[in-house]
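Below is one structure, written out as structure tokens; the observations come after it.
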Amino acid sequence: MRIDVITIFPDYLNPLREALLGKAIERERISVGVHDLRDWTHDVHRAVDDSPYGGGPGMVMKPDVWGEALDEVCGVQDATPRLVVPTPAGRPFEQKTAVRWSQDPWLVFACGRYEGIDQRVIDDAATRMSVEEVSIGDYVLVGGEVAALTMIEAVVRLLPGVLGNPLSAEQDSFSDGLLEGPCYTRPEVWRDRPVPDVLRSGNHAAIARWRRDQALERTYHRRPELLAALPEGDLDKADRKQ
Ligand code: 6GU
């Protein structure tokens, strides 16, 4: 997978080179390009923003600069990328979004700052490629960079050969619509707290039942709306006893 990020703060994306994402780059599972938006300015001040039509606070990112940046970054291959625009005004980014994007060969992230990017940039790009304006949650960040990092990490860990153990991705919270329950390792007793007996019983059916019950209980308390959204038939008889 190819990933490009356009931003006025390229250093914000440095964590991409660390840990799991860095390994994925080294192993050539992904190739990453981070581009400084100001490279496409022509004025001495390298201005990327201007005041909003209609008035109001804040600044809007200029269409001419973004237009040239996207023409160049998105036009270098004979394919077209999916263009992702992180914004608190976007559709929610969810695990299923990450799964869908993980099938793509090429993602381009356009990170806005200030009040946002002139809408014509997005509308124009959408005539040539698939464009998604997405939000990572109901809070406001200063810019799209941290949101882009978040989304890139969620996508890249799903690519084959990136996670050490491919079963980890299958057992994620959300993969069955529930939160994952608690987990334990040695020692058997720590600060007078024993590991739950069932996990040391060797009874695999009992362990699976217990884990399922813990997941249901945790989801009920922390994210009741997830339980309500489970498709009909996802809860069996034993689940309903919980
Ligand atoms: Cl994607 N961008 C910004 N700037 N703020 C956000 C967000 C994105 N998602 C939640 N808050």
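Read the numbers this way: they start at 1 and go in the same order the structure lists the ligands and their atoms. Note that the structure is a prediction, hence the values are computed from the model and not measured. All heavy atoms count here, side chains included; hydrogens, waters and symmetry mates do not.
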**Study point:** Close approach of Gly137 to ligand 1, heavy atoms, under 4.0 angstrom
**Key:** yes

Check your understanding: With a 4.0 Å heavy-atom cut-off (strictly under), which part of Asp138 contacts ligand 1: side chain, backbone, both or neither?
Key -> neither

Practice item. Would you check whether Val146 reaches within less than 4.0 Å of ligand 1, judged by its heavy atoms? Key: no

Review point. When you measure from atom 11 (N) of ligand 1 to every protein heavy atom, which one gives the shortest distance, and what is it?
Key: Tyr139 O, 2.5 Å

Exercise for review: Could you say whether the N/O atoms of Leu141 and ligand 1 ever approach to under 3.5 Å?
Suggested key: yes

Exercise for review: Show which atoms of ligand 1 fall inside a sub-4.0 Å distance from at least one heavy-atom site of Val134.
Suggested key: 1 (Cl)

Check your understanding: Could Glu145 and Arg113 be called an ion pair, given the rule that one side-chain N must be under 4.0 Å from one carboxylate O?
Key -> yes

Check your understanding: Does a side-chain heavy-atom distance below 4.5 Å link Val84 with Trp101?
Key -> yes

Point to revise | Partners meeting side-chain hydrogen bond (donor to acceptor under 3.5 Å, both in side chains) with Glu68 (sequence neighbours left out) | key: His42

Check your understanding: Among protein heavy atoms, which sits nearest to atom 9 (N) of ligand 1, and what does the distance come to when rounded to 0.1 Å?
Key -> Ile136 N, 3.0 Å

**Study point:** Glu188 and Arg186 ion-paired at < 4.0 Å
**Key:** no

Practice item. With heavy atoms of Ser135 as the reference, note each atom of ligand 1 found under 4.0 Å away. Key: 1 (Cl), 9 (N), 10 (C)

Review point. Looking only at protein heavy atoms, which one is nearest to atom 7 (C) of ligand 1, and how far off is it?
Key: Pro88 N, 3.8 Å

Review point. Which atoms of ligand 1 are found less than 4.0 Å from any heavy atom of Ala147?
Key: 1 (Cl), 8 (C)

Review point. What residues join Val195 in its hydrophobic cluster, counting side-chain heavy atom gaps under 4.5 Å, either direct or through other members?
Key: Tyr184, Val198, Leu199, Ile207, Trp210

Practice item. Evaluate the side-chain proximity of Asp172 to Arg157: yes if any heavy-atom separation is below 4.5 Å, no if none is. Key: yes

Check your understanding: So Glu132 and Arg91, salt bridge (charged side-chain N to carboxylate O under 4.0 Å, His left out) or not? Walk me through it.
Key -> CA-CA 8 Å; Glu132 295 191 43; Arg91 291 205 173 91; over 6 Å; no

Practice item. Would you indicate whether the side-chain heavy atoms of Arg212 and Leu235 approach each other to under 4.5 Å? Key: yes

Exercise for review: Pull out every atom of ligand 1 sitting under 4.0 Å from any heavy atom of Gly143, numbered as shown with elements.
Suggested key: 3 (C), 4 (N)

